[in-house]
Structure formats: structure tokens, C-alpha cells
Amino acid sequence: VYESVPVKPRYFRRFFYAFSVFFIVFGLIGVVWFVYHQDPNAFGRSEKYFQQGLAAQQANNLRDALRNYEKCLTIDPDNTDARLQLVQIYRAQGNYQKAEGLLDEGLSIKPRYEEYYRQMVYLLTEQNRVSEALDYLDGITATYIVVKLNAERPGAISASPLPGTFTTA
């Protein structure tokens, strides 16, 4: 005595469309979340902090520049430009230990990046640790880096009016 009533097609269609929209929206949210957590720099955030750091540094606001460069390196430790700018600021402030630590960390990440070696030698000579700088140059094992840096290696150390620089005799 119960009759089955057929389901009207429009209810199914409405349910299907609503479910499809729900699935697409939350699917896109899930994809964005997954990509973000796989690579925090996927949306170029480190470049934004790097540009803000450059602007702050040009405005002579070193505190903000340091903060932005450090955020950039937190997101993207491979960013050589931010690392070198940070080293430059620490050198200007006389914070040589932090600058050396940054260069050592950079060399552990990118051991074939020649500029890190060059900046380390400059940093050591700026602190009048010339013998350590020469020992550091002797300790480099990558031949192509040694060839490039030997052009800057002094034949004989002579006095220079600028700290951290030297000329060949």
C-alpha cells in the first residue's frame, strides 16, 4: 500500500552541481595548501622579502634590511644574493662572526659557488687575518675555484690604506 514515487531529476541535478562546486573549491584549496607546504617559496615570497630588504638597505634602514634578508633566507636558504647582502651588512657593522657563519652555511649549501670563497677571503683579510686567508685559499680543493681566486691572491703582501685590501708587489 506504499507506492514508490520516482525521484524528480532536478533534485539530483541540483545535488550533483552543488557537490561538484564544493569538490572543485575545496580541491583547489587543498592543492594550494599542499604546494605551499611542499615549497614555502612556491609563490615567490622570498623574492618579495629580498626586494624589501634592498629597498630598506638603500634607505639606510639596516634593521629592516636585516630582518627582510633573514626572512628571505628562512624561506629560501639557496638565495645567494640575500646571503651576500646580509654578509655585507654584518661586515659593515663589524659583526664578523655572523658574517663568517653565513658564508660557512652558504658554502655547505652551495659548495661550488665561487663568490662565497671570495667573500670569506675578503672577510679574513679585513680582520687582518691574512695568514688565515692564505691558508683558507690553500685549503680550497675545487680546481676551477682555485684558478679563479689565484688571480686575486697576492704575490707579496704590502700595506694598503684600505682595510682588507692588498696589492701584489
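When reading the values below, keep in mind they use all heavy atoms of this one structure, side chains included, and skip hydrogens, waters and symmetry mates.
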*Scan for ring-ring contact (aromatic ring centres under 6.0 Å, His included) pairs involving residues 50-86, sequence neighbours excluded, and state none if there are none.*
Phe50-Tyr69
_Nearest 0.5 Å, please: how far is CG in Leu137 from CG in Leu149?_
6.0 Å
*Other than Phe19, which residues form its hydrophobic cluster under the rule that side-chain heavy atoms must be closer than 4.5 Å?*
none
_Is any side-chain heavy atom of Tyr116 closer than 4.5 Å to one of Leu84?_
yes
*asked:* Contact between Leu73 and Glu70 at the side-chain level, heavy atoms closer than 4.5 Å - yes or no?
replied: no
*Starting at CE of Met120, measure out to CD1 of Ile140 and round the result to the nearest 0.5 Å.*
10.0 Å
_Test side-chain contact (heavy atoms from CB on, under 4.5 Å) on Arg91 and Tyr122; report intermediate values, then the result._
CA-CA 10 Å; Arg91 277 176 59 189; Tyr122 290 162; 4.2 Å; yes
_Any residue meeting side chain to side chain donor-acceptor pair (under 3.5 Å) with Arg112, in chain and number order, not counting sequence neighbours_ = Tyr144
*Could you grab the distance from atom CD of Gln119 to atom CG of Leu107, nearest 0.5 Å is fine?*
11.0 Å
*Can you name the residues that form a salt bridge (Lys or Arg N to Asp or Glu O under 4.0 Å) with Glu47, not counting sequence neighbours?*
none
*Results of side chain to side chain donor-acceptor pair (under 3.5 Å) for Asp104 - residues two or more places apart only*: none
*Looking only at non-hydrogen atoms, find the nearest pair between Cys72 and Asn79 and report the distance.*
SG-ND2, 3.2 Å
*Only counting residues at least two apart or in another chain, list the ones meeting side chain to side chain donor-acceptor pair (under 3.5 Å) with Tyr113.*
none
*With Gln85 via side chain to side chain donor-acceptor pair (under 3.5 Å) - residues at least two apart*: Gln57
*Hey, could you give me the CD/NZ distance between Glu115 and Lys110, rounded to the nearest 0.5 Å?*
12.5 Å
*Rounded to the nearest 0.5 Å, what separation is found between the CZ atom of Arg118 and the CG atom of Leu103?*
12.5 Å
*Locate the shortest heavy-atom distance separating Pro111 from Ile145; write the atom from each residue and the value.*
O-CD1, 4.1 Å
_Suppose the criterion is salt bridge (charged side-chain N to carboxylate O under 4.0 Å, His left out): which pairs have a residue in residues 74-83, not counting sequence neighbours?_
Arg83-Glu105
Side-chain polar contacts of residues 94-102 - donor-acceptor pairs under 3.5 angstrom, sequence neighbours left out - could you list them?
unit_1: Tyr96; atom_1: OH; unit_2: Glu126; atom_2: OE2; d: 3.2
unit_1: Glu100; atom_1: OE2; unit_2: Gln127; atom_2: NE2; d: 3.2
unit_1: Glu100; atom_1: OE2; unit_2: Arg129; atom_2: NH1; d: 2.8

*Among pairs that include at least one residue of residues 50-59, which meet salt bridge (charged side-chain N to carboxylate O under 4.0 Å, His left out), considering only residues two or more places apart or in two chains?*
none
*Over all heavy atoms of both residues, which pair between Ala56 and Ala65 is shortest? Give the atoms and the distance, please.*
CB-N, 3.6 Å
_Connecting only ILVMFWY residues whose side-chain heavy atoms lie within less than 4.5 Å of each other, what is the rest of Phe16's hydrophobic cluster?_
Tyr17
*Please go through Phe22's hydrophobic cluster and name the other residues, only I, L, V, M, F, W, Y counting, with side-chain heavy atoms under 4.5 Å joining them.*
Val21, Val25, Phe26, Ile29
